[in-house]
Trainee: 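This is the structure I want to talk about, given as structure tokens.
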Amino acid sequence: MASVKVTKVCCIGAGYVGGPTCAVIALKCPHIQVTIVDLNQARVDAWNSPDFDLPIYEPGLVDVVKQARGRNLFFSTDVDKGIQEADLIFVSVNTPTKKSGVGAGFAADLNYVELATRRIAAVAHSSKIVVEKSTVPCRTAESMRTILEANSRPGCRFDILSNPEFLAEGTAIADLFSPDRVLIGSLQSPEGKAACESLAEVYANWVPKERILTVGLWSSELSKLAANAMLAQRISSINALSAICEATGANIDEVAHAIGFDSRIGPKFLRASVGFGGSCFQKDILNLVYLSESLHLPQVAAYWRQVVEMNEYQKHRFSKTVVDTLFNTITGKHIAVLGFAFKADTGDTRESPAITLVRDFLSERAYVTIYDPKVDDVQIWLDLAEACPNVPLENIKKQVTIARSSLEACKNKEAVVIATEWKEFREIDWQTVYEHMNKPAFVFDGRMIVDADVLKKIGFKVKVIGRGDRL
Ligand SMILES: NC(=O)C1=CN([C@@H]2O[C@H](COP(=O)(O)OP(=O)(O)OC[C@H]3O[C@@H](n4cnc5c(N)ncnc54)[C@H](O)[C@@H]3O)[C@@H](O)[C@H]2O)C=CC1
Ligand SMILES: O=C(O)[C@H]1O[C@H](OP(=O)(O)OP(=O)(O)OC[C@H]2O[C@@H](n3ccc(=O)[nH]c3=O)[C@H](O)[C@@H]2O)[C@H](O)[C@@H](O)[C@@H]1O
């Protein structure tokens, strides 16, 4: 069966994945018209903003949108028109962890995927290739196919592909320009393989053919969960070792360097931290835990659950270090938290470890001042309100302030906590900061970015994650 040449692409979901991914497709494939649709009017307006004040911050993204928007890249809230015009549709909607019902706290909430799929079935009047871009549990493609086939008009056929996204926030554009691999899963029928070929041809406009991997649908779906689980597992492993380092006087940087030299282990993703955050690692592992339990594999479920438990332990262990070091109480003390995003180079705060730290400090009745170069104040208040559901926002605001610079955040504080590895925090003038802080002045580095020796010479008491040195 011959593959269809894709000329019109629609992406449902203009979020962190749908936006950058399809903007890059538009840039690299000027012959393809790409329309990204979303129900969220404010988000679409931001994508269309005349001064390119885009809804997400991602290095290099503005340049891509500037080149393609209005040429062959469009953003719209007209979901139905987008679906009707396209021959290939990416479903790139959110798949958060379920908050209630069966599997609450573990399973993925597939409501958004299902609604988008039902919409495709309801309005499409020609055949489509439907691509599952969202991260979903195994066999979701089968559910999508059942929905589409049960509701489609005569003469309309739907081919379902799985094409999980592996970009990381903060490096999304670089990752999309030069992906380690593009993974496409399809049914192994002639029609499935032809659809797979159609999508592969789109990517082949800029991705070397040998990096486009084609597999079965379920392998593709599971590979996405597996990749995130393995990456998160590395972080939990190095963080578990960081606790041993602190207890023994070893240095986690040296340990990571030494083990990373083993070519079987490799040096990447071995940076100890205050814990991993982001919208996906925890969600996808919990999803894997749920899947394992559903398949009656309790030992497998327990194994993966431990990766998340270690991450929780790491975050609280760090908060406890702060309390213990500040003479076992932080009540009434003033703490500056530098960084609120879950990692550098993004304004995203989903599951950011900084939220857990601030919540822990607030529950100890400390005063906290937060500074992050990219996170909006509104987002900080939303996150803190959600993290402290029993505390009215006006009470949170009595304990928390938001600063406009590192120096402003640190003024008259007893301690500075580094929660995100922003480049500008590596360049802080610590001498000036020291002069403006209450004494003794403490620095707690949850991201291993300060030179502890230099800071100690200035007069600071310093604790760096994974270092057992004395203050
Ligand atoms: N954020 C990331 O870096 C990565 C995320 N993923 C996965 O990609 C998926 C999307 O994630 P994000 O882009 O971060 O989510 P997001 O929350 O930023 O964006 C999803 C968008 O879909 C829209 N939407 C939901 N239902 C809709 C519908 N029926 N019609 C039209 N629009 C609809 C929402 O309004 C929202 O703007 C998730 O499954 C996630 O696990 C995968 C790789 C990386
Ligand atoms: O499915 C997803 O959403 C994406 O999840 C991660 O990407 P992302 O969460 O954007 O960012 P990462 O760079 O993986 O960082 C995740 C968290 O781990 C932390 N981290 C990362 C690396 C490290 O060595 N140590 C460490 O603590 C980061 O600070 C951050 O909080 C994966 O890296 C992507 O491949 C995947 O597509």
Side-chain angles (χ1 to χ4, degrees), residues 10-22 36-44 46-47 55-56 58 75-80 82-83 90-97 108-120 132-137 140 163-172 175-176 179-181 224-225 227-232 234-239 242 252 256 260 267-285 287 311 314-315 339 341-346 348-354 419-421 446-448 465:
C10 170
C11 174
I12 307 181
Y16 284 88
V17 169
T21 308
C22 287
I36 307 180
V37 296
D38 203 295
L39 297 171
N40 184 330
Q41 181 74 55
R43 222 169 199 189
V44 170
W47 282 110
I56 60 177
E58 195 60 65
F75 296 91
S76 166
T77 50
D78 195 342
V79 177
D80 294 359
I83 293 171
F90 287 104
V91 176
S92 187
V93 300
N94 32 330
T95 50
T97 306
D109 183 348
L110 294 175
N111 190 34
Y112 302 98
V113 172
E114 179 165 342
L115 288 176
T117 310
R118 285 187 183 278
R119 201 67 213 154
I120 296 170
E132 177 190 78
K133 185 57 122 172
S134 300
T135 303
V136 288
T140 302
N163 172 221
E165 185 48 61
F166 296 101
L167 67 79
E169 287 178 33
T171 54
D175 294 344
L176 290 165
D180 284 351
R181 79 316 210 170
K224 173 63 196 177
L225 296 183
N228 273 0
M230 300 279 288
L231 289 168
R234 266 174 91 89
I235 303 171
S236 277
S237 297
I238 204 75
N239 283 344
S242 76
I252 196 65
K268 291 184 182 170
F269 249 70
L270 284 180
R271 281 191 73 76
S273 66
V274 63
F276 61 74
S279 63
C280 293
F281 277 174
Q282 177 171 311
K283 159 176 90 68
D284 293 349
I285 294 176
N287 209 325
N311 197 48
Q314 184 76 349
K315 291 186 271 184
F342 80 93
K343 63 184 278 198
D345 290 329
T346 176
D348 195 350
T349 60
R350 291 178 288 179
E351 304 295 340
S352 176
T420 313
E421 71 285 18
R447 294 292 186 167
M448 302 196 303
I465 200 112

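Whatever order the structure lists ligands and atoms in, that order sets their numbers, starting from 1. All residue numbers in this chain count up from 1 along the given sequence.
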Trainee: Just checking, any donor-acceptor pair under 3.5 angstrom between side chains of T95 and K283?
Mentor: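 Result is yes, a qualifying pair exists.
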
Trainee: With a 4.5 Å limit on heavy-atom distance, are the side chains of T140 and S134 in contact?
Mentor: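 Heavy-atom side-chain distance check fails, nothing below 4.5 Å.
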
Trainee: Which heavy atom of the protein is the closest neighbour of atom 22 (O) of ligand 1, given with residue, atom name and distance?
Mentor: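 Its nearest protein heavy-atom neighbour is G13 CA, 3.4 Å.
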
Trainee: Under 4.0 Å from any heavy atom of L167, which atoms of ligand 2 are there?
Mentor: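 It comes down to these atoms of ligand 2: 4 (C), 34 (C), 35 (O), 36 (C), 37 (O).
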
Trainee: Just to confirm my output: which protein heavy-atom neighbour is closest to atom 25 (N) of ligand 2, and how far is it?
Mentor: R271 O, 2.8 Å

Trainee: Once you round to the nearest 0.5 Å, how far does OG1 of T346 lie from CD of E58?
Mentor: 6.0 Å

Trainee: Measure from atom 29 (N) of ligand 1 to every heavy atom in V79, L39, I83 and give the option owning the shortest one.
Mentor: L39

Trainee: What do we get for S279 next to ligand 1 when only non-hydrogen atoms under 4.0 Å count, side chain, backbone, both or neither?
Mentor: side chain

Trainee: With a 4.0 Å heavy-atom cut-off (strictly under), which part of R119 contacts ligand 1: side chain, backbone, both or neither?
Mentor: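 It is neither part, as no heavy atom is under 4.0 Å.
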
Trainee: For atom 23 (C) of ligand 1, which of the options D38, L115, V93 provides the nearest non-hydrogen atom?
Mentor: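 Residue with the shortest heavy-atom distance to the ligand atom: D38.
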
Trainee: For atom 6 (C) of ligand 2, grab the closest protein heavy atom and report residue, atom and distance to one decimal in Å.
Mentor: F281 CE2, 3.4 Å

Trainee: Select the closest option to atom 35 (O) of ligand 2 among F166, Y16, F269, judged by heavy-atom distance.
Mentor: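 Considering heavy atoms of F166, Y16, F269, the nearest to atom 35 (O) of ligand 2 sits in F166.
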
Trainee: Just jot down the ligand 1 atoms closer than 4.0 angstrom to any heavy atom of K283, in number order.
Mentor: 40 (C), 41 (O)

Trainee: As a check for students: among T95, L110, I36, identify the option with a heavy atom nearest to atom 39 (O) of ligand 1.
Mentor: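 Considering heavy atoms of T95, L110, I36, the nearest to atom 39 (O) of ligand 1 sits in T95.
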
Trainee: Please state which protein non-hydrogen atom is closest to atom 16 (P) of ligand 1 and give its distance, to 0.1 Å?
Mentor: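 Closest protein heavy atom to atom 16 (P) of ligand 1: R43 NH1, 3.6 Å.
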
Trainee: How far is atom 15 (O) of ligand 1 from its nearest protein heavy atom, and which residue and atom is that?
Mentor: R350 NH1, 3.8 Å

Trainee: Begin from the C-alpha positions of K133 and N163 and carry the test side-chain contact (heavy atoms from CB on, under 4.5 Å) through to its verdict.
Mentor: CA-CA 5 Å; K133 185 57 122 172; N163 172 221; 3.0 Å; yes

Trainee: Of all the heavy-atom pairs spanning I465 and I252, show the shortest one and how long it is.
Mentor: O-CG2, 3.9 Å

Trainee: For atom 17 (O) of ligand 1, grab the closest protein heavy atom and report residue, atom and distance to one decimal in Å.
Mentor: N94 CB, 3.7 Å

Trainee: From the options P267, G278, G277, select the one whose nearest heavy atom is closest to atom 17 (C) of ligand 2.
Mentor: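 Checking each option, the heavy atom nearest atom 17 (C) of ligand 2 is found in G277.
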
Trainee: Is N311 close to F281 at the side-chain level, that is, under 4.5 Å between some pair of heavy atoms?
Mentor: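 No, side chains not in contact.
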
Trainee: Tell me the protein heavy atom at minimum distance from atom 11 (O) of ligand 2, and give that distance in Å.
Mentor: K343 NZ, 3.2 Å

Trainee: Establish, from distance only, whether the side-chain atoms of S242 and Q314 form a donor-acceptor pair under 3.5 Å.
Mentor: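 The answer is yes; a qualifying pair exists.
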
Trainee: Polar-atom distance check: A168 versus ligand 2, any N or O pair below 3.5 Å?
Mentor: no

Trainee: What protein heavy atom lies closest to atom 10 (O) of ligand 2? Include the residue and the distance to one decimal.
Mentor: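 Answer for atom 10 (O) of ligand 2: E169 N, 2.7 Å.
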
Trainee: Taking the inter-plane angle between the rings of W47 and F75 on a 0 to 90° scale, is it parallel (under 30°), tilted (30 to 60°) or perpendicular (over 60°)?
Mentor: parallel

Trainee: Going from CG on D78 to CG on L39, what distance comes out if it is rounded to the nearest 0.5 angstrom?
Mentor: 11.0 Å

Trainee: Could you tell me whether some N/O pair between F342 and ligand 2 is separated by less than 3.5 angstrom?
Mentor: yes

Trainee: Give the contacting part of C280 toward ligand 1: side chain, backbone, both or neither, where contact means a heavy-atom distance below 4.0 Å.
Mentor: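 For C280, the contact with ligand 1 is made by the side chain alone.
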
Trainee: Strictly under 4.0 Å, does any heavy atom of K224 approach an atom of ligand 2?
Mentor: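 Distance cut 4.0 Å: K224 passes for ligand 2.
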
Trainee: Rounded to the nearest 0.5 Å, what separates atom CD1 in I36 from atom CZ in F90?
Mentor: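 Those atoms lie 10.0 Å apart.
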
Trainee: Would you kindly specify which portion of L167 sits under 4.0 Å from ligand 1, judged on non-hydrogen atoms: side chain, backbone, both or neither?
Mentor: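 The answer is both, backbone and side chain.
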
Trainee: For ligand 1, which atoms, with element, lie under 4.0 Å from some heavy atom of K224?
Mentor: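 Checking each atom against K224, I get 43 (C).
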
Trainee: State whether R350 and E169 are salt-bridged, where the test is any N-O pair (Lys NZ or Arg NE/NH1/NH2 against Asp/Glu carboxylate O) under 4.0 Å.
Mentor: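 A salt bridge is present here (some side-chain N lies under 4.0 Å from a carboxylate O).
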
Trainee: Which one holds for L270 and ligand 2: side chain close, backbone close, both close, or neither close, with close meaning a heavy atom under 4.0 Å?
Mentor: backbone

Trainee: Among residues at least two apart in sequence or on other chains, which ones pass ring pair (Phe, Tyr, Trp, His ring centres under 6.0 Å) with F342?
Mentor: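 With neighbours one apart ignored, the set is empty.
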
Trainee: When you compare the side chain of N40 with that of V44, does any pair of heavy atoms fall below 4.5 Å?
Mentor: no

Trainee: Give me the residue, atom name and distance of the protein heavy atom closest to atom 12 (P) of ligand 1.
Mentor: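 That would be Y16 N, 3.9 Å.
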
Trainee: Hey, is R118 touching ligand 1 through its side chain, its backbone, both or neither, going by heavy atoms under 4.0 Å?
Mentor: neither

Trainee: Locate the shortest heavy-atom distance separating A419 from V274; write the atom from each residue and the value.
Mentor: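 Minimum heavy-atom separation between A419 and V274: O-CG1, 4.0 Å.
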
Trainee: Show me which atoms of ligand 1 lie under 4.0 Å from any heavy atom of S92.
Mentor: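 Atoms satisfying the 4.0 Å criterion: 10 (C), 20 (C).
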
Trainee: Return the CZ to CG distance between F276 and N228, rounded to the nearest 0.5 Å.
Mentor: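 One finds 9.5 Å between CZ of F276 and CG of N228.
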
Trainee: Could you tell me if any non-hydrogen atom of T135 lies under 4.0 Å from any atom of ligand 2?
Mentor: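 Checking ligand 2 against T135, which is what was asked, there is no heavy-atom contact under 4.0 Å.
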
Trainee: Quick one: look up the protein heavy atom nearest atom 8 (O) of ligand 1 and list residue, atom name and how far away it is.
Mentor: V17 CG2, 3.5 Å

Trainee: Among protein heavy atoms, which lies nearest atom 7 (C) of ligand 1, and at what distance?
Mentor: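 Ranking protein heavy atoms by distance from atom 7 (C) of ligand 1, first comes T135 OG1, 3.4 Å.
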
Trainee: Give the residue, atom name and distance (to 0.1 Å) of the protein heavy atom nearest atom 2 (C) of ligand 1.
Mentor: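 So the nearest neighbour among protein heavy atoms is E169 OE2, 3.4 Å.
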
Trainee: I want to check something: taking the side chain as every heavy atom from C-beta on, are V93 and I12 in contact at a cut-off of under 4.5 Å?
Mentor: yes

Trainee: Are there over 12 heavy-atom neighbours, none belonging to F166, within less than 6.0 Å of that residue's CZ?
Mentor: yes

Trainee: Can you list the atoms of ligand 2 that are under 4.0 Å from a heavy atom of C280?
Mentor: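 That gives atoms 1 (O), 2 (C), 3 (O) of ligand 2.
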
Trainee: With rounding to the nearest 0.5 angstrom, report the CZ to CD1 distance, R271 to I235.
Mentor: 11.5 Å

Trainee: So do the side chains of I120 and V91 get within less than 4.5 Å of each other, counting heavy atoms only?
Mentor: yes

Trainee: Is there side-chain contact between T21 and L176, with at least one heavy-atom pair below 4.5 Å?
Mentor: yes

Trainee: Give me the residue, atom name and distance of the protein heavy atom closest to atom 21 (C) of ligand 2.
Mentor: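 Ranked first by proximity to atom 21 (C) of ligand 2 is I235 CD1, 3.5 Å.
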
Trainee: Give the atom numbers and elements of ligand 2 that come within less than 4.0 Å of a heavy atom of S273.
Mentor: 26 (C), 27 (O)

Trainee: Is there a heavy atom of R447 sitting under 4.0 angstrom from any atom of ligand 2?
Mentor: yes

